[in-house]
Number of protein chains: 2
Amino acid sequence: MKLSTRSEYACLALLDLAERHGKGAVKTEDIARRRKIPRKYLEQILLQLQRAGYVQSRRGAHGGHSLARAPEEISLAEIIRKMDGALAPTKAVSKFFYEPGPLEQSPALLRVLRDIRDYVADRLENTSLADLVGKKRG
Amino acid sequence: MKLSTRSEYACLALLDLAERHGKGAVKTEDIARRRKIPRKYLEQILLQLQRAGYVQSRRGAHGGHSLARAPEEISLAEIIRKMDGALAPTKAVSKFFYEPGPLEQSPALLRVLRDIRDYVADRLENTSLADLVGKKRG
DNA sequence: TTGTTTCTTGACAAAGTCAGTCGACAATGT
DNA sequence: ACATTGTCGACTGACTTTGTCAAGAAACAA
């Protein structure tokens, strides 16, 4: 029932990039300082995000990272699936990572868990980085 | 974002007891066989459930386990909290296990996670063992 | 060219969690 | 007595989490 710090940091880092979208590259160091993320750990995460196609990076002086796609097109669901795997509370009710499990013995229990999965997926699918930027209240 | 096998097994074991509620003690061995749970592991889990007050046990010949409370009074939320801790996806939005975390930097993100937490908690609080027994469809 | 900045890559590691297993012991019923 | 059944604590192996380290490659500047 848990989100890893990896996912948390990934979301915060992408949010940082989304806020500066279109304004050039952002250094690892700056993100780390602003978001209070361990620097070397953040490097690892950014690299993963880059390989997954969310981030573009440029080396050298004035290098840094920027979003590779529009903030509207990146959902929380995608990010968390990349970092943590299934959104569902158990793989027995996962759409993307299904595996059989002991819970399949109880249809009633499965239904509760499926409801939860559906709500979580829906909420995260329909929240993009753009939705989070600048929304200090709402 | 995950439920442990411990929680899964605990729910299945309690469900097994709920189905036989009022009909005497049920042996570890029988639950293990019916639910396909590793025996020694199940012992551990039942012991924990007993200490938490959900289960009564009797040793010796014709011993076994039975529910210590009515099936209506045991919710999935309670069980999972005992076994796994917080229901919330991150402690920053947990009511019972709150701890500060990096996500608190983004109110918008927090709101999404809080919504998820509320839904999960509500759904699990309002589902009791009694609700799961005998509901083969619904 | 040389140096500086910044990302890239792979290896490593400490700590914790998960999913069990094992063996000895205590209580109960016959 | 004796078989049955739960209780308890220790232990283990695999995996995940949360990072750190060091060497290298690309970009830019002087």
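Naming: A, B, ... by sequence-line order, numbering from 1 per chain.
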Return the value, rounded to whole Å, for the distance between atom [atom1] of [X] and atom [atom2] of [N].
X       : N      : atom1 : atom2 : value
A:Glu29 : C:dT4  : CD    : P     : 19 Å
B:Arg39 : D:dT4  : CZ    : C1'   : 10 Å
A:Lys40 : D:dC21 : NZ    : P     : 9 Å
B:His62 : C:dT28 : NE2   : C1'   : 11 Å
A:Arg51 : C:dG10 : CZ    : P     : 6 Å
A:Ile45 : C:dC7  : CD1   : P     : 14 Å
A:Leu17 : C:dC7  : CG    : C1'   : 14 Å
A:Leu49 : C:dT8  : CG    : P     : 11 Å

Please determine whether a side-chain nitrogen or oxygen atom of [X] lies at a distance below 4.0 Å from atom OP1 or OP2 of [N].
X       : N      : result
B:Ser57 : D:dG6  : no
B:Ser4  : C:dC18 : no
B:Tyr9  : C:dG20 : yes
B:Gln50 : D:dG6  : no

Determine whether more than 12 heavy atoms belonging to other residues, nucleotides or ligands lie under 6.0 Å from atom CZ of B:Phe96.
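Open: at most 12 neighbouring heavy atoms sit under 6.0 Å from CZ of B:Phe96.
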
Are any of the side-chain nitrogens in B:Glu104 or A:Lys36 under 4.0 Å away from the carboxylate oxygens of its partner?
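Result for this pair is no, no salt bridge flagged.
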
Return the minimal non-hydrogen interatomic distance between A:Leu110 and A:Leu103, and the atom names on each side.
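Taking A:Leu110 first and A:Leu103 second, the nearest heavy atoms are CG-O, 3.8 Å.
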
As a test of reading the structure: which of [options] is closest to the side chain of [X], going by heavy atoms?
X       : options               : value
A:His65 : D:dT7, D:dC28, C:dC7  : C:dC7
A:Arg6  : D:dT7, D:dT18, C:dG20 : D:dT18
B:Thr28 : D:dG6, C:dT8, D:dG9   : D:dG6

Please state whether the base of D:dT20 and the side chain of A:Gln44 form at least one donor-acceptor pair under 3.5 Å?
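Between D:dT20 and A:Gln44, which were checked side chain against base, a qualifying N/O pair under 3.5 Å is present.
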
May I ask you to verify whether the side chain of B:Arg59 and the base of C:dA26 hold a donor-acceptor pair under 3.5 Å?
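Per atom types, the contact qualifies.
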
Closest-nucleotide ordering on DNA chain C, the 5'-leading residue of A:Ala61 and B:Tyr41:
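Final value for this comparison: A:Ala61.
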
Parallel, tilted or perpendicular: which describes the rings of A:Tyr41 and A:Tyr9, with under 30° parallel and over 60° perpendicular?
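Ring orientation of A:Tyr41 relative to A:Tyr9: perpendicular.
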
So B:Lys27, base contact, sugar-phosphate only, or nothing? Heavy-atom distance under 4.0 Å.
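Sugar-phosphate only.
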
Do B:Arg6 and B:Gln44 get their side chains close enough for a donor-acceptor pair, meaning under 3.5 Å?
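Yes, side-chain donor-acceptor contact under 3.5 Å.
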
Of A:Glu43 and A:Pro38, whose nearest nucleotide on DNA chain D comes first from the 5' end?
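Of the two residues, A:Pro38 wins.
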
